[in-house]
Every structure is written in C-alpha cells, then in structure tokens.
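Here's the structure, in structure tokens; my notes come after.
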2 protein chains.
Amino acid sequence: MSKTYTVLNELLVELFNDILMIEQQALRSKDFNDLSITEIHTIEAIGMYGDKTMSEVAEKLNITVGTLTVAVNNLEKKGYVERRRSEEDRRIVYVHLTNKGKLAYRMHEKFHSAMINEVVEGLTDEEEKILISSLEKLNNFFKQRLKKIGGDV
Amino acid sequence: MSKTYTVLNELLVELFNDILMIEQQALRSKDFNDLSITEIHTIEAIGMYGDKTMSEVAEKLNITVGTLTVAVNNLEKKGYVERRRSEEDRRIVYVHLTNKGKLAYRMHEKFHSAMINEVVEGLTDEEEKILISSLEKLNNFFKQRLKKIGGDV
DNA sequence: CCTCAATATTTTGATTATCAAATATTTTTA
DNA sequence: TAAAAATATTTGATAATCAAAATATTGAGG
C-alpha cells in the first residue's frame with residue numbers, strides 16, 4: 001500500500017509536469033510560435049464551429065470575462081480570432097476563429113491525437129481498460145471534490 | 001481504437017483542468033490561504049528533509065534560478081522557508097522548510113494521498129500492477145518526447 | 001415612455017509568475 | 001595570480017490573472 005502510494009503519486013506528478021512542458025515546447029518549435037499555451041487553450045475553447053459569446057468562452061476556461069477580453073484583444077491582433085457584435089442584443093460580443101485560428105486549432109488537436117495514439121499503441125487491451133477505468137475514477141474523485149469546495153464559481 | 005482515443009483524450013484533458021482548479025480551490029479554503037499553487041509546488045520541491053541548493057530546486061521545478069530567487073524571497077517573508085549560506089562554498093545557498101513550511105507540505109501531501117487512495121481503492125493487486133506499468137509507459141513516452149524536442153533547456 | 005435594475009463587456013489598477021540579461025560574489029583553473 | 005566558470009541575486013519586461021469601476025444595452029414596472 002505504502003509503496004503503491006509513493007509510486008503512483010510520483011508517476012502522476014511527473015506526468016502532469018511533463019505534459020505541461022511538452023505542450024509548451026511543441027508550441028515553441030512549430031509554426032504558431034507566437035502563441036502561448038494559454039492562447040492555444042483559448043482557441044480550443046472558442047472551437048471550430050460557429051460563434052461563442054465572451055461569457056461562454058470565459059466560463060469554459062474558468063477565467064473572468066475581463067481576463068478573456070485581454071486575451072481576445074491579443075489573439076485578434078495576431079489574426080487568430082475575430083469579434084462580431086450581436087445584432088439582436090448589442091451587449092453581446094461573439095468570437096470565432098479565423099482560418100489561421102482554425103489551422104492552429106487543428107495543429108493542437110493533432111498533437112493530442114499523436115500523444116494518445118502513441119500511448120495506446122504500447123498497451124495491451126487489458127492495460128487499456130485498466131488505464132481508462134483508473135482515469136475515470138480519478139476524474140470522479142475530482143468532480144466530487146469540486147462540488148464540495150464550491151463548484152464552478 | 002477511435003473510441004479509445006476519444007475517451008482517453010477527454011479524460012486526460014478534463015483531468016488536467018480539474019486538478020489545476022482543485023488545487024487552487026483547496027488552497028483558498030484551507031489554512032495556508034496565503035499560498036499560491038506555485039508556492040506549494042516550490043515547497044514540495046524543497047522537500048521535508050535536509051537542505052537543497054537554489055539550483056537544485058529550480059531544476060526540479062523547471063524554472064530559472066532567478067525566478068526561484070523571487071519565489072523564495074516571498075516564501076521566506078511569509079515564514080515557510082529559510083535560507084542558509086554554505087560554509088564550504090560560499091556561492092551556494094541552501095533552502096529548507098520551517099515548521100510552518102513542513103505543515104503546509106504535509107497538508108498538500110494529504111490531498112495527494114486522498115487522490116491516490118480513490119484511484120487504488122477497488123483495484124486488485126493485479127490491476128494495481130497493471131495501472132502502474134501503464135502509467136510508466138505513458139511517462140516514458142513523454143520523457144522520449146521531451147528529449148526529441150529539446151530536453152530540459 | 002421613462003427610469004431603474006440587470007446583463008454583457010471592457011477598462012483599469014494591482015499582483016504573481018516568468019524569462020533573459022546584467023551584476024555580484026566566490027571558486028577553480030591555467 | 002588573472003581569467004574563466006559557477007552560483008545566486010537583481011533588474012526590466014511581458015503575460016495571465018482578478019476585482020472593481022466604467023460603459024453600453026436591454027427589459028420591466030409604473
């Protein structure tokens with residue numbers, strides 16, 4: 001038990017650190033090296049299809065709308081996203097990806113799929129199942145935690 | 001294959017988002033609410049036992065020593081860590097946790113162990129082994145990636 | 001139709017984390 | 001011993017973030 005704990009803990013901690021670093025480095029070396037991780041995640045949250053309001057995107061990213069405003073200003077300046085004021089309700093601002101933004105989106109998606117593919121490739125069916133169910137458990141644990149301490153606010 | 005990909009990808013993405021949020025919220029609600037996540041991780045990297053040099057800690061955290069200097073200044077001000085100049089080589093600065101720092105360390109450790117318990121609970125010994133080896137594979141994959149794109153620099 | 005509260009966003013001011021480059025000190029090496 | 005290397009700190013700049021204030025618009029009640 002105690003040994004399992006130590007091993008698992010170290011594995012998980014390392015995993016998180018590595019993924020963060022890899023995403024960062026993947027960005028630096030490729031095209032789109034004028035994008036930070038945060039910006040890629042903003043692009044991800046805006047998504048490929050249709051427009052999203054500022055509030056929707058901010059909620060998805062768990063940041064304030066003020067923070068998002070700044071982020072979108074910069075992304076707009078660099079040509080990855082565009083704003084559009086709603087005609088029906090002129091308080092609302094919609095954002096969507098430009099073609100350049102969509103390219104960046106796909107690139108990041110590709111990185112993710114390469115990562116997953118390579119992981120799954122090395123696993124047997126049994127290992128695959130265990131991995132998925134363990135990650136699900138981990139996820140449930142976190143969801144519960146989030147509810148307890150105050151949820152999405 | 002395609003289904004596994006989607007499931008795993010979603011699980012991993014959710015997991016990262018949740019963990020970041022939870023760590024943040026856990027800190028806010030508890031004692032030690034004058035600590036940021038980054039600061040807790042610095043405390044974690046300094047560790048319970050003995051002294052570590054600034055360079056060692058910075059390397060562990062993958063940040064520059066300059067960044068760490070600032071972080072340690074603040075942690076010292078708040079009473080979580082202490083500095084000590086080496087007598088043998090006066091260029092070197094050692095840092096270690098104060099009692100308050102050790103308390104914070106243990107609190108964070110507790111959070112981690114609750115997390116691990118949740119995962120391991122319900123697994124047979126056999127499954128436990130498989131989980132560990134799966135995560136090790138995942139880890140190896142990332143390490144390889146890191147080497148390929150440029151390593152620790 | 002006017003006013004007031006609510007909603008959506010932006011702006012502002014402050015803080016934290018970060019890096020690279022410059023500086024300071026000490027040790028090692030040639 | 002003078003130059004080079006190693007260790008840490010300081011400085012100046014940038015990005016991400018929040019809370020609070022400001023702006024613009026809508027909708028509801030009288």
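Proteins come first, then strands; the chains are lettered A, B, ... in the order of their sequence lines, and each starts at number 1.
With sequence neighbours excluded, the residues that form a salt bridge (charged side-chain N to carboxylate O under 4.0 Å, His left out) with A:E127 are B:K137. With sequence neighbours left out, B:E88 forms a side-chain contact (heavy atoms from CB on, under 4.5 Å) with B:S86, B:Y94.
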Residues B:Y80, B:D34; criterion side chain to side chain donor-acceptor pair (under 3.5 Å); working and verdict: CA-CA 11 Å; B:Y80 289 97; B:D34 62 341; 2.6 Å; yes
Stepwise side-chain contact (heavy atoms from CB on, under 4.5 Å) check, A:L75 with A:L35: CA-CA 9 Å; A:L75 284 174; A:L35 287 176; 3.7 Å; yes
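Panel note: side chain A:E39, backbone A:S36; a donor-acceptor pair is recorded below 3.5 Å.
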Show each protein N/O and nucleotides 10-16 of chain D N/O combination with a separation under 3.5 Å, one pair to a line.
{"from": "D:dA16", "atom 1": "OP1", "to": "A:S36", "atom 2": "OG", "distance (Å)": "2.4"}

Taking only nitrogen or oxygen atoms into account, show me every contact under 3.5 Å that the protein makes with nucleotides 26-29 of chain D, one pair per line with its distance.
{"from": "D:dT26", "atom 1": "OP1", "to": "A:R90", "atom 2": "N", "distance (Å)": "3.0"}

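Note: the hydrophobic cluster containing A:V72 does not contain A:V70 (ILVMFWY, side chain heavy atoms under 4.5 Å, direct or indirect links). At a threshold of 4.5 Å between side-chain heavy atoms, the hydrophobic network of Ile, Leu, Val, Met, Phe, Trp and Tyr places A:I130 and B:L11 in one connected group.
One interatomic measurement links the two molecules: CD1 of B:I92 to C1' of D:dA5, which rounds to 13 Å at whole-angstrom precision.
Between A:V93 and A:R84 there is no side-chain heavy-atom pair separated by less than 4.5 Å.
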Counting only pairs under 3.5 Å, give me each side-chain donor-acceptor contact of residues 48-55 of chain A, with atom names and distances, residues two or more places apart or in other chains.
{"from": "A:D51", "atom 1": "OD1", "to": "A:H96", "atom 2": "ND1", "distance (Å)": "2.9"}
{"from": "A:K52", "atom 1": "NZ", "to": "A:I46", "atom 2": "O", "distance (Å)": "3.1"}
{"from": "A:T53", "atom 1": "OG1", "to": "A:E56", "atom 2": "N", "distance (Å)": "3.1"}

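Residue B:I40 comes nearest to B:A104 through the heavy atom pair CD1-O, 4.1 Å, listed as atom of the first residue, atom of the second, then distance.
First and last contacting nucleotides of DNA chain C toward chain A (any atom under 4.0 angstrom from a heavy atom, 5' to 3' order): C:dA6 to C:dT11.
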